[in-house]
*Asks:* 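First the structure, then my questions, so here it is.
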Amino acid sequence: QLQLVESGGGLVQTGGSLRLSCAASGRTVSTYDMAWFRQAPGKGREFVVAIRWSGGSTYYAEAGMGRFTISRANAKNTVYVQIKSLKPEDTAVYYCAATPYGSFWNPKGRYDYWGQGTQVTVSS
């Protein structure tokens, strides 16, 4: 069973940056497409960005374009997302997820494994 644990969230000021990490255990993530989602208070979960198992391709939702950068280190069984120029509207719980179905390009694709989330709070 693949287990995912996010870290790196916290309280930052507007304009700041964060790098979130998603550490996997139980299985190697090298065969899974990975994604980051977020859920703001009172809102539904939102797809942000995904990366192909090889790291060779990425897909960004409009919410993630320009300020989010996803990357992965399969040798470390870890996926990252760098967020710059943070805004108050980025405040959310950020989740990483894994799919074995090769559907990183599909924001509505099926993701079978999820982490518990890490809170990002951006103060104005």
*Asks:* Side-chain donor-acceptor contacts of residues 44-52 below 3.5 Å, not counting sequence neighbours, with atom names and distances?
*Replies:*
from : atom 1 : to  : atom 2 : distance (Å)
E46  : OE1    : R38 : NE     : 2.8
E46  : OE1    : R38 : NH2    : 3.4

*Asks:* With ring centroids as reference points, do W53 and F104 lie under 6.0 angstrom apart?
*Replies:* no

*Asks:* Once disulfide (SG to SG under 2.5 Å) is applied, what residue pairs with a partner in residues 45-124 remain, sequence neighbours excluded?
*Replies:* C22-C96

*Asks:* Any side-chain heavy atom of V5 within less than 4.5 Å of one from Q116?
*Replies:* yes

*Asks:* May I ask you to decide if T28's main-chain N or O and S30's side chain share a donor-acceptor pair within less than 3.5 Å?
*Replies:* no

*Asks:* Within a strict 4.5 Å, meaning less than it, do heavy atoms of the M34 and L4 side chains meet?
*Replies:* yes

*Asks:* Is the centre of the F37 ring less than 6.0 Å from the centre of the Y111 ring?
*Replies:* yes

*Asks:* Under 3.5 Å, is there a donor-acceptor pair between the Y32 and D112 side chains?
*Replies:* no

*Asks:* Do the side chain of T118 and the main chain of G9 share a donor and acceptor less than 3.5 angstrom apart?
*Replies:* yes

*Asks:* Quick one: side chains of residues 55-68, donor-acceptor pairs under 3.5 Å with protein atoms, not counting sequence neighbours, listed by atom name and distance.
*Replies:*
from : atom 1 : to  : atom 2 : distance (Å)
Y60  : OH     : I70 : N      : 3.0
R67  : NH1    : K84 : O      : 3.3
R67  : NH1    : S85 : O      : 3.1
R67  : NH1    : D90 : OD2    : 2.7
R67  : NH2    : D90 : OD1    : 2.9
R67  : NH2    : D90 : OD2    : 3.3

*Asks:* So, for R72 and V29, which heavy atoms are closest and what is the spacing to 0.1 Å?
*Replies:* NH2-O, 2.6 Å

*Asks:* Decide yes or no on side-chain hydrogen bond (donor to acceptor under 3.5 Å, both in side chains) for Y101 and R110, but give the supporting numbers first.
*Replies:* CA-CA 8 Å; Y101 304 108; R110 173 177 166 179; 3.1 Å; yes

*Asks:* Please report the closest heavy-atom contact between L2 and A98, naming both atoms and the distance.
*Replies:* CD2-CB, 3.6 Å

*Asks:* When you measure from the side chain of D33 to the backbone N and O of S54, does any donor-acceptor pair fall under 3.5 Å?
*Replies:* no

*Asks:* If Ile, Leu, Val, Met, Phe, Trp and Tyr residues are connected whenever their side-chain heavy atoms lie under 4.5 Å apart, and connections chain through other members, are V12 and Y94 in the same group?
*Replies:* yes

*Asks:* Does the side chain of Q119 reach to within under 4.5 Å of the side chain of T91, using non-hydrogen atoms?
*Replies:* yes

*Asks:* Rounded to the nearest 0.5 Å, how far does OG of S124 lie from CD of Q13?
*Replies:* 9.5 Å

*Asks:* How many angstroms lie between OG1 in T14 and NZ in K87, if you round to the nearest 0.5 Å?
*Replies:* 10.0 Å

*Asks:* Between L11 and S123, is any pair of side-chain heavy atoms under 4.5 Å apart?
*Replies:* yes

*Asks:* Using 0.5 Å steps for rounding, measure from the OG1 atom of T99 to the CH2 atom of W114.
*Replies:* 10.0 Å

*Asks:* Which heavy atom of G10 sits nearest a heavy atom of L18, and at what distance?
*Replies:* N-CD1, 4.3 Å

*Asks:* Measure the shortest side-chain to side-chain distance between T69 and V81 over non-hydrogen atoms and say whether it is less than 4.5 angstrom.
*Replies:* no

*Asks:* Where do E6 and Y95 come nearest, in terms of heavy atoms and distance?
*Replies:* OE2-CA, 3.3 Å

*Asks:* For the OG atom of S17 and the CD1 atom of I83, what is their distance to the nearest 0.5 Å?
*Replies:* 9.0 Å

